Enquirer: 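One structure, pasted below without further comment.
Nothing here was measured: the structure is a model prediction, and the numbers come from that model. Excluded from the calculations below are hydrogen atoms, water molecules and symmetry mates; all remaining heavy atoms, backbone and side chain alike, are included.
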Amino acid sequence: MKDMSQTRQIRLADQELNSFQMPYSNLLQVQSGRVWLTVEGDAQDYWIGTGEQMQLPRGRKVVMEAAKGPARLVLTPLNSHFAQALPSPAAGFLKVAA
């Protein structure tokens with residue numbers, strides 16, 4: 001299993017899939033490209049693009065795929081205090097309920 005306790009850069013080629021288990025809550029930030037994302041236990045799928053970010057809940061499997069070209073992402077572990085201070089979805093922040 002990959003070490004998910006530190007900030008990681010993720011690069012996906014066009015239509016490349018990546019999946020992993022979230023041992024910690026994480027902030028996913030899309031630096032470039034567009035990504036389709038699904039989270040275990042969440043009936044909704046998400047499309048996020050350059051400049052957008054999404055909080056990923058701990059303990060869930062995440063599957064993502066780059067769409068219409070490559071994508072670069074940053075995955076940053078969050079402590080619970082920081083995660084509670086993040087902006088709401090209305091502020092342009094997609095948040096998955098924990």
Side-chain angles (χ1 to χ4, degrees):
M1 181 187 253
K2 298 174 186 174
D3 179 13
M4 302 297 286
S5 65
Q6 298 180 6
T7 297
R8 297 181 4 158
Q9 296 266 339
I10 300 172
R11 294 177 188 267
L12 299 173
D14 185 28
Q15 298 182 349
E16 180 181 355
L17 281 171
N18 192 348
S19 66
F20 42 85
Q21 192 78 23
M22 303 303 305
Y24 308 100
S25 292
N26 280 264
L27 179 64
L28 178 70
Q29 298 172 298
V30 180
Q31 292 184 326
S32 65
R34 183 172 163 95
V35 177
W36 165 83
L37 183 77
T38 190
V39 178
E40 177 183 39
D42 187 339
Q44 184 174 350
D45 289 351
Y46 300 90
W47 287 96
I48 55 176
T50 302
E52 295 180 319
Q53 54 191 9
M54 181 173 173
Q55 182 179 341
L56 303 174
R58 70 180 176 89
R60 308 266 180 93
K61 183 176 181 179
V62 174
V63 178
M64 63 178 68
E65 179 181 13
K68 297 185 180 182
R72 285 186 318 128
L73 309 109
V74 175
L75 195 60
T76 306
L78 300 174
N79 65 42
S80 60
H81 174 74
F82 179 73
Q84 291 173 3
L86 291 170
S88 68
F93 183 88
L94 300 173
K95 184 175 181 181
V96 176

Enquirer: Looking at every non-hydrogen atom in both residues, tell me the closest pair between Ser25 and Arg58 and how far apart they are.
Expert: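 Looking at all heavy atoms of both residues, the closest pair is N-CB, 3.4 Å.
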Enquirer: Mind checking whether Met64 and Val74 sit in one hydrophobic cluster, side chains of I, L, V, M, F, W, Y counted as touching below 4.5 Å?
Expert: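 No, separate clusters.
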Enquirer: Please report the interatomic distance OG1(Thr7) to CG(Leu75), rounded to the nearest 0.5 Å.
Expert: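 Reported value, rounded in 0.5 Å steps: 8.0 Å.
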Enquirer: Going by the rule side-chain hydrogen bond (donor to acceptor under 3.5 Å, both in side chains), which residues pair with Gln29 if we only count those two or more places apart in sequence or in a different chain?
Expert: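 Gln29 satisfies side-chain hydrogen bond (donor to acceptor under 3.5 Å, both in side chains) with Gln53 once adjacent residues are dropped.
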Enquirer: Find the distance between CG (Leu78) and CG (Leu28) and round it off to the nearest 0.5 Å.
Expert: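 Answer for the CG-CG pair, Leu78 versus Leu28, is 10.5 Å.
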Enquirer: Can you confirm if the NZ or CZ of Arg60 lies within 45° of the ring axis of Phe20 and under 6.0 Å from the centre of its six-membered ring?
Expert: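 That pair does not qualify as a cation-pi contact.
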Enquirer: Roughly how far, to the nearest 0.5 Å, is CD of Gln9 from OG1 of Thr76?
Expert: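 Going from the OG1 atom of Thr76 to the CD atom of Gln9 covers 9.0 Å.
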Enquirer: A side-chain contact here means heavy atoms from C-beta on lying under 4.5 Å apart; do Pro57 and Val39 qualify?
Expert: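 They are in side-chain contact.
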Enquirer: Is a side-chain donor or acceptor of Asp14 paired with a backbone partner of Lys68 at a separation under 3.5 angstrom?
Expert: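 Checking the backbone N and O of Lys68 against the side chain of Asp14, a donor-acceptor pair under 3.5 Å is found.
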Enquirer: Roughly how far apart are Glu16 CD and Glu65 CD, rounded to 0.5 Å?
Expert: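 Reported to 0.5 Å precision, the distance equals 9.5 Å.
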Enquirer: What heavy-atom pair brings Leu27 and Gln55 nearest, and what distance separates the two atoms?
Expert: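 For Leu27 versus Gln55, the nearest heavy atoms are CD1-N, 4.3 Å.
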Enquirer: If we ignore hydrogens and angles and just use 3.5 Å, is the side chain of Gln21 paired with the main-chain N or O of Gly59 as donor and acceptor?
Expert: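 Between the backbone of Gly59 and the side chain of Gln21 there is a qualifying donor-acceptor contact (under 3.5 Å).
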Enquirer: Rounded at 0.5 Å granularity, tell me how far CG in Asn26 sits from CE in Met54.
Expert: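 It comes to 11.5 Å.
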Enquirer: Establish whether Ile10 and Ile48 are linked, either directly or via other cluster members, by ILVMFWY side-chain heavy-atom contacts under 4.5 Å.
Expert: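 Yes, Ile10 and Ile48 fall within the same hydrophobic cluster.
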Enquirer: Side chains of residues 31-38: which donor-acceptor partners sit under 3.5 Å, not counting sequence neighbours?
Expert:
residue : atom : partner : partner atom : Å
Gln31   : OE1  : Arg72   : NH1          : 3.3
Ser32   : OG   : Arg72   : NE           : 3.4
Trp36   : NE1  : Asp45   : OD2          : 3.1
Thr38   : OG1  : Asp45   : OD1          : 2.9

